[in-house]
Amino acid sequence: MRTRDAGGCSLLRDEARPYTRTPSLLSERILPLQFEPRDQFEQRQKKLEQIQALGYDPYPREFRWTDTPAALVEQYSQTPGAELETMNKEVRVAGRMVSFRLMGKAGFAHLQGAGKRIQIYVKKDVVGEPGFQLFHLLDLGDSIGVEGHLFRTKTNELSIWVEKIFFLSKALLPLPEKWHGLSDVEVRYRQRYLDLIANAESRQVFVTRARIIQELRRFFDARGYIEVETPMMHPIPGGAAARPFITHHNTLDIDLYLRIAPELYLKRLTVGGFDRVYEINRNFRNEGISTQHNPEFTMLEFYEAYSNYRDLMDMNEQMFRLLAENITGSTTVKYGDAELDFSKMQRLSMREAIGKYWPAGAGQAPTREKLAAPGGAQEATNRYNLWAKGAGAPYAAAKGPLQDGQWTGLLFETMAEDQLVQPTILYDFPTDISPLSKQKPEDPSLTERFEIYVAGMEVANGFSELNDPAEQERRFLKQIAQGGDEAPKQLDADYIRALCHGMPPTAGEGIGIDRLTMLLTDSPSIRDVIFFPLLRPESGESSSEAHRA
RNA sequence: AGGGGCGUAGCUCAGUGGUAGAGCAGCGGCCUUUUAAGCCGAAGGUCGUGGGUUCGAUCCCCACCGCCCCUACCA
């Protein structure tokens with residue numbers, strides 16, 4: 001038998017280190033903190049005492065295993081029982097006990113590890129008296145290790161014939177109910193560890209999330225990008241329009257802002273000669289929470305010198321197709337009731353999209369020329385609103401006076417955004433709502449900017465980066481002058497200074513990793529793809545009790 | 001922030017204007033190939049919290065708390 005231990009540690013090691021500590025008094029094992037269900041909590045602490053009294057270390061330090069439950073199930077799922085007998089495959093396996101059927105002097109249990117479960121069979125005359133006493137004292141949720149060989153039961157289930165049993169760790173609190181699993185969404189989010197134990201699909205979502213990030217890294221690494229990390233605490237929040245979280249540094253006695261975007265720092269790196277950079281990390285926005293918004297969310301942002309937004313669009317099409325294929329096995333991905341086809345992306349300019357999705361009942365759809373003319377977007381919005389109010393559809397409500405480009409953006413969001421179910425590249429955003437994007441040479445009212453929409457969600461935002469410091473300064477000052485909650489309050493002079501040192505023509509983009517994960521895992525809520533989504537802290541006795549101690 | 005929904009045993013859920021039930025988990029007992037194991041027995045609850053109506057409220061009414069959904073906010 002081989003062990004996985006690279007250090008060549010002998011299998012005898014477990015036996016060579018018997019537990020010698022004098023069994024402690026029951027009272028020593030009792031936790032001062034109490035958790036529900038109280039009776040089971042106390043019961044299990046008593047059992048832990050009894051396990052210790054049998055001579056087992058209540059908190060042993062290691063277990064040398066040869067296979068995980070998942071690996072065995074994977075490897076031997078098709079091997080017939082007779083073959084297993086002749087192989088006499090000896091294994092050492094650790095896992096959490098998730099089912100338990102005791103029948104007098106023998107019993108079955110399932111051990112869960114690496115996301116899969118394997119059955120074990122424990123017989124008193126095989127494991128001996130103390131081993132079987134230990135088996136008796138186990139509860140669902142306990143971690144144990146077993147040593148034995150593979151066989152198949154009467155009902156042909158791959159199982160481990162246990163010769164030796166090792167106690168690894170006690171679950172003082174019970175697992176979620178065994179056949180309904182854990183369905184209370186609040187508990188699933190607050191106590192994600194239980195969700196991960198009880199719900200294989202939930203575990204799979206997070207495994208997939210990790211694979212998505214891995215694939216993205218591979219994609220960019222292969223293209224000569226360098227992964228970097230830039231500050232998350234900013235003296236001046238910038239790079240997006242959002243309200244920031246404020247924090248304070250004591251020694252410097254200054255307020256700092258949790259970043260709302262890494263954009264301005266990544267572009268400083270482009271100035272510094274890092275021509276291809278990406279960063280995958282958190283942004284923080286002090287705004288609402290919804291199925292598509294978590295106050296902290298993960299963004300991939302990348303910058304590529306000497307390219308423009310058209311290059312990025314092509315690259316994105318390729319990247320999304322590749323991701324869908326490598327992650328789900330197909331370019332067609334089920335999301336809710338929709339079948340998302342990532343084999344190609346429709347491309348529409350924002351003004352085209354308004355024309356295309358203009359409701360039939362609202363009269364003549366505005367032409368691109370009409371939308372481009374001064375006042376045209378506002379006029380179209382008014383006509384749309386008139387229809388929407390009659391039809392009971394959402395209408396566009398402007399807070400305060402808007403510029404032409406802002407009307408265009410508002411109209412698009414109101415009427416077209418959630419209709420973009422199939423992967424769509426929406427391009428040519430108004431300059432008025434794109435302060436960091438380069439203008440189109442033939443039409444300064446528009447910028448070389450695009451966003452990718454899938455299932456009505458914005459998942460990416462990219463553009464040819466504005467690298468003219470004079471124009472950038474004008475745009476910043478205009479934003480500040482316009483005011484509003486989300487507008488920057490302060491000019492980032494160092495960013496302008498960096499641009500003055502010369503930034504090559506560059507294209508950059510941000511991709512929302514959480515939303516991308518939602519799409520590729522068919523998750524309806526962003527909370528399903530974030531381990532610990534922000535929730536209101538638990539109130540009431542149990543938590544305050546827990547924090548007091 | 002507004003609208004809707006939910007909150008009953010540890011878990012999943014029934015239920016009624018007369019102070020509550022099932023299955024699973026837990027506890028005691030029997031059982032050496034079970035898998036939602038089975039059988040016998042005992043236990044488990046401030047019916048989210050606080051007020052009101054009522055002779056009497058878990059149920060009806062009001063407020064609050066928590067979660068979910070929709071809307072709003074959201075580059």
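Here is the naming used below: chain letters follow the sequence lines, and residue numbers restart at 1 for every chain.
With a 4.5 Å cut-off on side-chain heavy atoms, Ile160(A) and Val91(A) count as touching. Annotation: side chain of Thr247(A) is in contact with side chain of Leu258(A) (closest heavy-atom distance under 4.5 Å). At a threshold of 4.5 Å between non-hydrogen side-chain atoms, the residues Arg192(A) and Tyr189(A) count as touching.
Atom CG in Asp125(A) sits about 10 Å away from atom P in U32(B), given to the nearest Å. If you take CZ of Phe135(A) and C1' of U32(B), they are 12 Å apart, rounded to a whole angstrom. Spacing between atom CD1 of Ile260(A) and atom C1' of C73(B) amounts to 15 Å, rounded to whole angstrom units. Rounded to an integer number of Å, the gap from Trp161(A) CH2 to U34(B) C1' is 13 Å. Separating the CG atom of Leu194(A) from the P atom of A25(B) is a distance of 18 Å, rounded to the nearest angstrom. The interatomic distance linking Asp418(A) (CG) with U71(B) (P) rounds to 8 Å, in whole Å. Put simply, CD1 on Ile289(A) is 8 Å from P on C68(B), counting in whole angstrom units. Look at CG on Leu102(A): it is 14 Å from P on G38(B), rounded to the nearest Å.
Taking side-chain N and O atoms only, Lys47(A) has no distance below 4.0 Å to OP1 or OP2 of G26(B). Contact between the side-chain N/O atoms of Ser290(A) and the OP1/OP2 oxygens of U71(B) is not found at any separation under 4.0 Å. Of the side-chain N and O atoms in Arg527(A), one or more sit less than 4.0 angstrom from OP1 or OP2 of C69(B).
Going from the C1' atom of U33(B) to that of G29(B) covers 23 Å, rounded to whole Å. Nucleotides U49(B) and C59(B) have their P atoms positioned 10 Å apart, rounded to a whole Å. Atom name P, nucleotides U46(B) and C11(B): the rounded distance is 12 Å, in whole Å. Comparing G17(B) with G52(B), their C1' atoms are spaced 15 Å from each other, to the whole Å. Spacing of C1' atoms, C6(B) relative to G48(B), comes out at 11 Å, to the nearest Å. If you take atom C1' in C60(B) and the same atom in U54(B), they sit 10 Å apart, rounded to whole Å. The separation of C47(B) from A9(B), taken at their C1' atoms, amounts to 10 Å, rounded to a whole angstrom. Comparing the C1' positions of G56(B) and U16(B) gives a spacing of 14 Å, expressed to the nearest Å.
At the heavy-atom level, Phe297(A) lies nowhere under 4.0 Å from the strands shown. Residue Glu413(A) is out of contact with every strand shown, counting any heavy-atom pair closer than 4.0 Å. Residue contacts shown for Ala241(A) include a base, since a base heavy atom lies under 4.0 Å away. Ser434(A) comes within contact range of no nucleotide atom at all, as no heavy-atom separation falls under 4.0 Å.
Environment of CD in Gln78(A): sparse, with no more than 12 heavy atoms of neighbouring residues, nucleotides or ligands closer than 6.0 Å. No more than 12 heavy atoms of other residues, nucleotides or ligands lie within 6.0 Å of OH in Tyr395(A), so this atom counts as exposed by the packing criterion. Summarising the local packing, CD of Glu74(A) is surrounded by 12 or fewer heavy atoms from other residues, nucleotides or ligands at distances under 6.0 Å.
Anti is the classification of U53(B), since its glycosidic angle lies more than 90° from 0.
Judged by the 6.0 Å and 45° rule, Arg310(A) forms a cation-pi pair with Tyr427(A).
Base-pair partner of A9(B): not found among the strands shown (Watson-Crick or G-U wobble, both distances under 3.5 Å). Using Watson-Crick or G-U wobble geometry with both donor-acceptor distances under 3.5 Å, A63(B) finds its partner in U49(B). The partner of G38(B) is C30(B), judged by Watson-Crick or G-U wobble contacts that both fall below 3.5 Å.
Residues from residues 426-433 of chain A lying near RNA chain B, meaning a heavy-atom separation below 4.0 Å, are absent.
For Phe108(A), counting side-chain heavy atoms from C-beta on, the closest listed nucleotide (U34(B), U32(B), C27(B)) is U34(B). Listed nucleotides A75(B), C69(B), G26(B) differ in distance to Asn461(A); the shortest reach to its side chain belongs to A75(B). Which of U33(B), C73(B), A75(B) sits closest to the side chain of Arg243(A) comes down to C73(B). Closest to the Gln40(A) side chain, of the nucleotides A75(B), A25(B), C27(B), is A25(B). For Lys154(A), counting side-chain heavy atoms from C-beta on, the closest listed nucleotide (G10(B), U33(B), C31(B)) is U33(B). In the set A75(B), U33(B), U32(B), A75(B) carries the atom at the smallest distance from any side-chain atom of Glu451(A). Of the candidate nucleotides U33(B), C27(B), A75(B), U33(B) has the atom lying nearest to any side-chain atom of Thr153(A).
Side chain Lys124(A) to base U32(B): no donor-acceptor pair is found below 3.5 Å. With hydrogens and angles ignored, no donor-acceptor pair closer than 3.5 Å exists between the side chain of Glu157(A) and the base of U34(B).
Annotation: of the two residues near RNA chain B, Gly104(A) and Ser159(A), the 5′-most nearest-nucleotide partner is Gly104(A). For the pair Tyr395(A) and Glu263(A), nearest-nucleotide mapping onto RNA chain B gives the more 5' position to Tyr395(A).
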If you restrict it to nitrogen or oxygen atoms, what contacts under 3.5 Å exist between nucleotides 40-44 of chain B and the protein, and what is each distance?
none

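In this pair, Phe151(A) and Trp161(A) present their aromatic rings perpendicular. The plane angle is above 60°, beyond the 30 to 60° band. Below 30°, between 30° and 60°, or above 60°: for Phe132(A) and His136(A) the angle between ring planes is above 60°, a perpendicular geometry.
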* Step-by-step ring pair (Phe, Tyr, Trp, His ring centres under 6.0 Å) determination, Tyr453(A) to Phe412(A) -> CA-CA 12 Å; Tyr453(A) 287 87; Phe412(A) 163 76; 5.5 Å; yes
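The shortest heavy-atom contact between Val127(A) and Val162(A) is CG1-O, 3.5 Å. In terms of heavy atoms, Ala261(A) sits closest to Asn283(A) at CA-OD1, 3.8 Å.
To the nearest 0.5 Å, atom CD1 of residue Ile526(A) and atom CG of residue Asp514(A) are 4.5 Å apart.
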